[in-house]
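Worksheet for the structure shown next.
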Amino acid sequence: GEVLAGDRMMMTLFSLPFQVNFENKKLCSYTLNPKAMELFQSAIDQDYYFEFIYDDLPVWGFIGEKETKMVHGRNVTSYHLFTHYIFSITHNGKGQVIEVNWEHDPT
């Protein structure tokens, strides 16, 4: 059913070990070429999002956002691809994950 819905399950490069705190872990480095930028802009326009599954709990998030503002009397649109993620994982103290959250770091 997932293919019919347009979904594709795959393994991620993220490693989030249980009860291990860390900050500023680099996953990858990539420079977008003009064609890739165009594809991401289209995906943002179409509200593409991702879904992670952590300990059977889903986490959803958009891949980026579009912002249009007035500059010198003209509408100027800019795209922001989210590349810095912050995960918060809450457990009940008995070894069970009870909540998983995601947000993007605007820096």
Side-chain angles (χ1 to χ4, degrees):
E2 70 186 37
V3 173
L4 293 176
D7 297 335
R8 304 276 189 299
M9 291 290 264
M10 60 179 36
M11 295 298 292
T12 180
L13 298 175
F14 286 104
S15 175
L16 303 171
F18 184 64
Q19 292 187 330
V20 175
N21 294 326
F22 56 85
E23 290 184 23
N24 301 322
K25 215 172 172 185
K26 187 173 186 175
L27 181 65
C28 66
S29 179
Y30 185 79
T31 301
L32 296 177
N33 62 40
K35 180 64 177 168
M37 282 191 262
E38 188 178 296
L39 290 171
F40 273 113
Q41 287 175 342
S42 177
I44 291 168
D45 284 338
Q46 296 177 54
D47 293 327
Y48 275 40
Y49 64 93
F50 63 84
E51 178 182 22
F52 290 143
I53 305 294
Y54 188 86
D55 200 35
D56 292 327
L57 296 172
V59 180
W60 294 275
F62 289 104
I63 64 166
E65 66 185 359
K66 178 169 81 170
E67 179 181 28
T68 302
K69 56 185 168 183
M70 189 69 71
V71 178
H72 303 295
R74 295 182 335 151
N75 281 334
V76 176
T77 300
S78 58
Y79 288 85
H80 306 279
L81 184 62
F82 300 146
T83 58
H84 297 89
Y85 298 150
I86 300 169
F87 293 96
S88 301
I89 302 168
T90 307
H91 60 90
N92 64 0
K94 300 175 186 173
Q96 182 180 14
V97 175
I98 58 173
E99 184 178 38
V100 181
N101 290 301
W102 166 90
E103 62 183 292
H104 70 91
D105 182 356
T107 59

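Just so you know, these numbers use all the heavy atoms, side chains as well, and skip hydrogens, waters and symmetry mates.
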Just how far is it from atom [atom1] of [X] to atom [atom2] of [Y], taken to the nearest 0.5 Å?
{"X": "His84", "Y": "Lys26", "atom1": "NE2", "atom2": "NZ", "result": "9.0 Å"}
{"X": "Ile53", "Y": "Trp60", "atom1": "CD1", "atom2": "CH2", "result": "7.0 Å"}
{"X": "Phe40", "Y": "Leu32", "atom1": "CZ", "atom2": "CG", "result": "6.0 Å"}
{"X": "Tyr79", "Y": "Ile63", "atom1": "OH", "atom2": "CD1", "result": "11.0 Å"}

Set of residues satisfying side-chain contact (heavy atoms from CB on, under 4.5 Å) with respect to [X], sequence neighbours excluded:
{"X": "Val100", "answer": "Tyr54, Leu57, Val59, Ile89, Val97"}
{"X": "Glu103", "answer": "Ile86"}
{"X": "Ser78", "answer": "Glu67, His80"}
{"X": "Asn92", "answer": "Lys94, Gln96, Ile98"}

Any side-chain heavy atom of Lys69 within less than 4.5 Å of one from Asn75?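 No; the side chains remain at least 4.5 Å from each other.
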Linked, directly or transitively: Tyr30 and Ile44 (ILVMFWY side chains, under 4.5 Å):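 Linked, Tyr30 and Ile44 end up in one cluster.
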Going only through I, L, V, M, F, W and Y residues with side-chain contacts under 4.5 Å, is there a path from Leu27 to Phe87?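 Yes: a chain of side-chain contacts under 4.5 Å links Leu27 to Phe87.
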Show me the donor-acceptor pairs within less than 3.5 Å that the side chains of residues 14-25 make with the rest of the protein, sequence neighbours left out.
unit_1, atom_1, unit_2, atom_2, d
Gln19, NE2, His91, ND1, 3.2
Gln19, NE2, His91, NE2, 3.1

Residue pair Tyr85, Phe50: steps toward the ring-ring contact (aromatic ring centres under 6.0 Å, His included) verdict: CA-CA 12 Å; Tyr85 298 150; Phe50 63 84; 5.7 Å; yes
Suppose the criterion is salt bridge (charged side-chain N to carboxylate O under 4.0 Å, His left out): which pairs have a residue in residues 33-50, not counting sequence neighbours?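 Of all non-adjacent pairs touching residues 33-50, those that pass salt bridge (charged side-chain N to carboxylate O under 4.0 Å, His left out) are Lys35-Glu38, Asp45-Lys66.
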